[in-house]
2 protein chains.
Amino acid sequence: MKAGSRITSTAFARKICSAEDAAAMISHGDNVGMSGFTGAGYPKAVPAALADRIGASAAAGDPMRIGVWTGASTAPELDGALAAVDGIELRLPYQSDPVSRARINDGRMEYIDVHLSHVAQMVWRGSLGHLDVAVVEVAGITPDGALIPSSSVGNNKTWLDLADRVILEVNSWQSASLEGMHDIYYGTALPPHRVPIPIVAPGDRIGVPYLHCPAEKVIAVVQTDTPDRNTGFKAPDATSQRIAGHILDFLTAEVAIGHLPPDLLPLQSGVGNVPNAVLAGLQAGPFENLTAYTEVIQDGMLDLIDSGKLAVVSATAFSLSSDAVERFNTNACDYRGKIVLRPQEISNHPEVVRRLGVIAMNGMIEADIYGNVNSTHVMGSQIMNGIGGSGDFARNGYVSIFITPSVAKGGAISAIVPMVSHVDHTEHDVDVIVTEQGLADLRGLSPKQRAQKIIDNCAHPDFRPQLQDYLDRAMSSSYGRHTPHLMDQALSWHAGYVGAGTMRGAGATAG
Amino acid sequence: MKAGSRITSTAFARKICSAEDAAAMISHGDNVGMSGFTGAGYPKAVPAALADRIGASAAAGDPMRIGVWTGASTAPELDGALAAVDGIELRLPYQSDPVSRARINDGRMEYIDVHLSHVAQMVWRGSLGHLDVAVVEVAGITPDGALIPSSSVGNNKTWLDLADRVILEVNSWQSASLEGMHDIYYGTALPPHRVPIPIVAPGDRIGVPYLHCPAEKVIAVVQTDTPDRNTGFKAPDATSQRIAGHILDFLTAEVAIGHLPPDLLPLQSGVGNVPNAVLAGLQAGPFENLTAYTEVIQDGMLDLIDSGKLAVVSATAFSLSSDAVERFNTNACDYRGKIVLRPQEISNHPEVVRRLGVIAMNGMIEADIYGNVNSTHVMGSQIMNGIGGSGDFARNGYVSIFITPSVAKGGAISAIVPMVSHVDHTEHDVDVIVTEQGLADLRGLSPKQRAQKIIDNCAHPDFRPQLQDYLDRAMSSSYGRHTPHLMDQALSWHAGYVGAGTMRGAGATAG
């Protein structure tokens with residue numbers, strides 16, 4: 001397909017210009033809403049051109065910085081390029097780029113880590129400031145000017161609705177068969193004008209397959225023919241397979257006692273190698289006719305569709321390896337009817353997540369013995385990526401599962417600690433913790449009962465005695481004994497790692 | 001009204017017996033679902049009789065313990081009496097009784113602190129175990145056996161639906177005019193059978209005014225004529241009035257810039273003297289035609305109805321002073337049409353809280369400089385009451401406000417600390433922090449920006465330099481500088497208080 005054929009509206013076609021010309025329409029201090037979610041559907045040309053411009057401008061003594069709002073993570077040519085030239089004043093709501101991360105953790109770039117379901121509401125109510133420009137990738141523009149969404153939806157509806165000026169990138173690399181796969185809900189509102197969101201099953205369509213934007217607001221249309229980031233997944237290693245095995249055993253047992261239906265409930269899976277391994281485990285599992293109400297369609301989800309195990313998946317974005325994306329693009333028509341891509345406000349909406357009873361499975365950095373989970377901060381201070389949608393699903397879902405290998409950094413770090421150094425999911429929102437060592441079902445347990453179960457089932461054997469020692473000492477001398485803790489030692493494992501490069505032996509002789 | 005006239009169903013009347021006989025029908029090891037929410041509508045006679053029986057049994061060398069599940073807090077004659085005889089094996093989902101609290105914090109009683117909107121779902125899915133007995137206070141029984149709910153609804157529908165055996169207390173002290181004020185929704189289900197909850201405004205009625213329970217399940221009906229706990233509120237002191245003033249200024253400014261409508265959005269207010277003072281502040285404020293979608297109707301809410309400021313309030317319970325309850329009982333008919341009492345699953349439901357866009361105002365124990373909030377634990381280990389519904393409203397509401405005086409214990413404790421000792425509400429769920437010193441609007445701010453604003457606006461002047469010193473040192477030497485923290489000093493203020501009885505000077509010279 002020729003690139004030009006993707007823009008069949010004359011009103012939009014006359015806005016076609018170069019990425020450089022489009023980038024020149026963005027000003028210092030602008031807040032810019034960009035498309036992009038987990039490396040899919042982000043603009044490929046304008047951010048890079050803007051980064052070049054900012055770099056040149058800074059070299060000429062005229063620094064320029066913008067606010068960058070997206071769906072979630074993007075790619076080196078957006079986050080990486082703009083961060084490298086110090087072009088980002090404030091970034092939200094999620095990022096995973098190494099250059100950007102380094103700059104944030106050096107204290108040179110502001111970053112706000114937001115529940116992904118909350119972003120649209122925050123922007124609509126005005127509490128993040130004014131949105132000046134939208135830069136949104138689409139897969140095409142129809143003759144009557146409807147926008148065919150790309151491989152992610154994210155916050156694009158909100159950006160197009162609210163931005164003063166809109167720059168579109170039309171990417172002919174995206175499969176033309178994406179058309180019709182999206183469900184853009186135009187029924188949201190600010191309170192007191194909200195009504196129920198009428199989704200009662202993951203595959204329900206409640207909107208339209210196109211994004212709308214008046215041609216008058218569009219200041220530039222840039223043509224691209226560039227692949228998404230398409231990061232590959234590692235083949236599941238032994239640790240991931242053991243984690244997946246524990247989760248399958250748990251789900252099987254829940255079905256056996258009637259706590260879950262035989263076809264489970266809609267699955268949500270975080271992005272990453274371990275969650276992907278869990279999906280691979282479901283391939284071999286006993287469950288049929290599965291559904292997913294999730295953020296992202298990764299390789300494991302596509303495999304489950306291919307094998308007939310997964311009947312339908314709702315998400316806001318793809319996050320596929322190069323191999324999987326080729327498979328998807330070749331057979332996109334076959335996936336029609338089995339995939340629905342929605343705005344992230346809807347894919348992660350608390351109302352829908354609660355109603356459907358989602359089984360939430362998300363990775364984490366560390367958990368403490370009382371079941372509090374840290375998803376975002378290394379040693380309490382250094383951001384890894386962000387909370388993403390994990391809180392949307394963990395809080396309002398039916399069962400909330402958090403997974404991690406029990407140790408990191410070659411065994412220097414225990415993922416089970418006396419007290420987490422940062423809390424993203426409180427004890428109230430964490431039902432199940434899983435490491436390769438085992439699974440702890442925390443439902444119906446008091447803090448002390450949770451602590452013993454997590455130590456026994458989830459901690460690495462090398463750290464188990466050290467955790468037990470902390471718990472025992474806290475039980476005997478804590479200020480209160482509902483959640484026994486020693487304030488002068490609760491974070492000593494982290495202090496030990498920061499100081500001596502290991503959690504081994506930390507806190508054991510203190511006190 | 002004679003007590004007997006409240007039981008007009010013959011099928012139920014023939015179950016009438018003494019509290020002692022009813023208590024004898026509860027067995028060691030039973031899980032017992034009791035009515036009661038913030039000291040309203042709890043059973044007055046059977047728990048006390050049960051406590052007597054347990055005490056006698058223990059004295060005879062035959063200890064007896066039960067699981068006690070409620071709506072929320074009850075009163076000394078329930079929680080206090082049963083805890084005093086060591087009769088509670090496990091308590092959930094919220095309590096505020098001093099005897100019970102002491103036992104929990106001595107490590108001699110298990111307590112699970114649960115989001116109040118989650119309890120029904122947890123019990124229905126079976127993850128708390130089997131419910132053996134329900135002990136539920138009602139205001140009357142109609143000729144055809146419908147139960148007129150009492151001054152709280154709480155989890156009563158769930159208890160009556162799921163318990164094997166039901167004991168009813170019919171309390172003729174409760175106003176007969178309560179009849180018709182409740183809205184019991186019988187449309188909930190477990191997934192995948194859930195449908196939208198059709199509330200679009202706080203006053204919407206979607207259910208029936210009665211609770212249902214087959215007479216066959218009822219093993220005892222006990223007659224009482226006993227007042228609710230009816231704890232009084234303190235008159236607003238200067239600190240509370242200053243906090244209320246800051247919140248009124250904030251709401252006024254939000255209306256002025258168009259971020260809130262002139263009649264605001266449905267209010268939720270936690271229980272306590274400070275939240276009650278905020279309600280008193282609204283009496284004098286510029287807002288008319290207010291609504292509330294909240295947990296509890298306390299004195300301030302009743303005053304706002306009386307003055308015509310508050311058009312309608314939805315809640316699950318009353319929590320009135322003796323004066324206010326007399327006013328309510330005398331004029332209950334006048335409140336008809338302005339008050340709706342719902343099951344706590346609905347009053348706190350994430351779907352409805354999000355849709356209505358609730359303005360959530362809750363007290364707290366402490367906040368840290370990054371905006372994480374501790375609502376439950378003193379010095380990280382000693383439970384105060386529980387999270388209650390604060391998380392239901394803070395996470396899914398429209399604006400989430402947390403309030404506290406800036407110091408406690410005569411100035412020995414700062415309510416603003418470097419790191420909270422327990423997290424109930426993460427930085428992602430906290431929009432605004434208010435003390436008598438001022439208000440910090442954290443929306444749209446990065447962690448470092450939040451820290452400076454909280455120190456400047458909310459901390460007590462006595463602690464401000466000490467907090468600034470921590471932040472400055474963390475900014476220069478933290479492991480990461482997204483959320484600067486010093487792992488060996490983050491909890492030093494709490495360690496200082498535990499060790500030396502004051503946070504003053506803690507951590508300032510460490511490091």
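Since the structure is predicted, the reported quantities are computational estimates derived from the model, not experimental observations.
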> A:D106 versus chain B, heavy atoms under 4.5 Å apart: side chain, backbone, both or neither?
Replying inline: backbone
> Closest heavy-atom contact between B:S381 and A:S478?
Replying inline: CB-OG, 3.2 Å
> If you tally heavy-atom pairs under 4.5 Å against chain A, which of B:M487, B:R481, B:H428 wins?
Replying inline: B:H428
> Taking side chain as C-beta onward, heavy atoms only, is B:R354 less than 4.5 Å from B:E351?
Replying inline: no
>> Side chains of B:V430 and B:L442, heavy atoms from C-beta outward: is any pair under 4.5 Å?
In response: yes
>> Report which part of B:I199 has an atom under 4.5 Å of a heavy atom belonging to chain A: side chain, backbone, both, or neither.
In response: neither
> How are the rings of B:H377 and B:H422 set to each other: parallel, tilted or perpendicular (split at 30° and 60°)?
Replying inline: parallel
> Residues in salt bridge (Lys or Arg N to Asp or Glu O under 4.0 Å) with A:R443, at least two apart?
Replying inline: A:E254, A:D441
>> Ignoring hydrogens, what is the shortest heavy-atom contact between A:P418 and A:A490? Give both atom names and the distance.
In response: CB-O, 3.8 Å
> Which answer fits A:H193, side chain, backbone, both or neither, if we ask what part of it has an atom under 4.5 Å from a heavy atom of chain B?
Replying inline: neither
> So which of A:P196, A:G444, A:G357 has the biggest tally of heavy-atom pairs under 4.5 Å with chain B?
Replying inline: A:P196
>> With a 4.5 angstrom heavy-atom cut-off, is it the side chain or the backbone of A:Y497 that approaches chain B, or both, or neither?
In response: side chain
> Of the backbone (N, CA, C, O) and the side chain (C-beta and beyond), which part of B:M419 lies under 4.5 Å from a heavy atom of chain A, both, or neither?
Replying inline: side chain
> When only pairs under 4.5 Å are counted, which of A:G480, A:P261, A:A201, A:A495 shares the most heavy-atom pairs with chain B?
Replying inline: A:G480
>> Below 4.5 Å, heavy-atom pairs only: which of B:Q121, B:Q449, B:R108 has the largest tally toward chain A?
In response: B:Q121
> Out of A:M475, A:M122, A:H349, A:H425, which one racks up the most heavy-atom pairs below 4.5 Å with chain B?
Replying inline: A:H349
>> Between A:D424 and A:S375 (side chain of the first, backbone of the second, donor and acceptor by atom type, cut-off under 3.5 Å), is there such a pair?
In response: yes
>> With a 4.5 Å cut-off on side-chain heavy atoms, are B:L265 and B:L260 touching?
In response: yes
>> Need one label for B:I104: side chain, backbone, both or neither, based on atoms under 4.5 Å from any heavy atom in chain A.
In response: both
>> Taking every non-hydrogen pair under 4.5 Å, which of B:I197, B:V195, B:L128 racks up the most with chain A?
In response: B:V195
> Who among A:V114, A:V423, A:D263 has the most heavy-atom pairs with chain B under 4.5 Å?
Replying inline: A:V423
>> Show the nearest heavy-atom pair for residues B:A474 and B:H485, with the distance to one decimal.
In response: CB-N, 3.9 Å
> Is chain A contacted by the side chain of B:V378, its backbone, both, or neither, given a heavy-atom distance below 4.5 Å?
Replying inline: both
> Taking every heavy-atom pair that is under 4.5 Å apart, which of B:H115, B:H259, B:H118, B:M379 has the most such pairs with chain A?
Replying inline: B:H115
> For chain A, which residues from residues 384-393 of chain B lie under 4.5 Å away (heavy-atom distances)?
Replying inline: B:I387, B:G391, B:D392
> Out of B:T188, B:V200, B:N396, which one racks up the most heavy-atom pairs below 4.5 Å with chain A?
Replying inline: B:N396
>> Could you report the tightest heavy-atom contact between A:A451 and A:Y370, atom names first, then the distance?
In response: CB-CE2, 3.8 Å
> If only atom types and distance count, is the side chain of A:S400 paired as donor or acceptor with the main-chain N or O of A:D429 below 3.5 Å?
Replying inline: yes
>> So, using ring-ring contact (aromatic ring centres under 6.0 Å, His included) as the criterion, who are the partners of A:Y111 when residues are at least two apart?
In response: B:H482
> Relative to chain B, which segment of A:D431 carries a heavy atom at a distance below 4.5 Å: side chain, backbone, both, or neither?
Replying inline: side chain
>> Less than 4.5 Å apart, side chain to side chain, heavy atoms only: is that true for A:P484 and A:K448?
In response: yes
> So, for B:N289 and B:A311, which heavy atoms are closest and what is the spacing to 0.1 Å?
Replying inline: OD1-CB, 3.5 Å
>> Just so I understand: if I count every heavy-atom pair under 4.5 Å between each of B:L356, B:L90, B:L445 and chain A, which residue has the most?
In response: B:L445
>> Is the shortest side-chain heavy-atom distance between B:V420 and B:V373 below 4.5 Å?
In response: no
> A:P192 versus chain B, heavy atoms under 4.5 Å apart: side chain, backbone, both or neither?
Replying inline: both
> Does B:R450 have any salt bridge (Lys or Arg N to Asp or Glu O under 4.0 Å) partners at least two apart in sequence or in another chain, and if so, which?
Replying inline: B:E427
> Which answer fits B:H494, side chain, backbone, both or neither, if we ask what part of it has an atom under 4.5 Å from a heavy atom of chain A?
Replying inline: both
>> Only pairs of heavy atoms separated by less than 4.5 Å count here; which of A:R194, A:Q382, A:E110, A:R355 has the most with chain B?
In response: A:R355
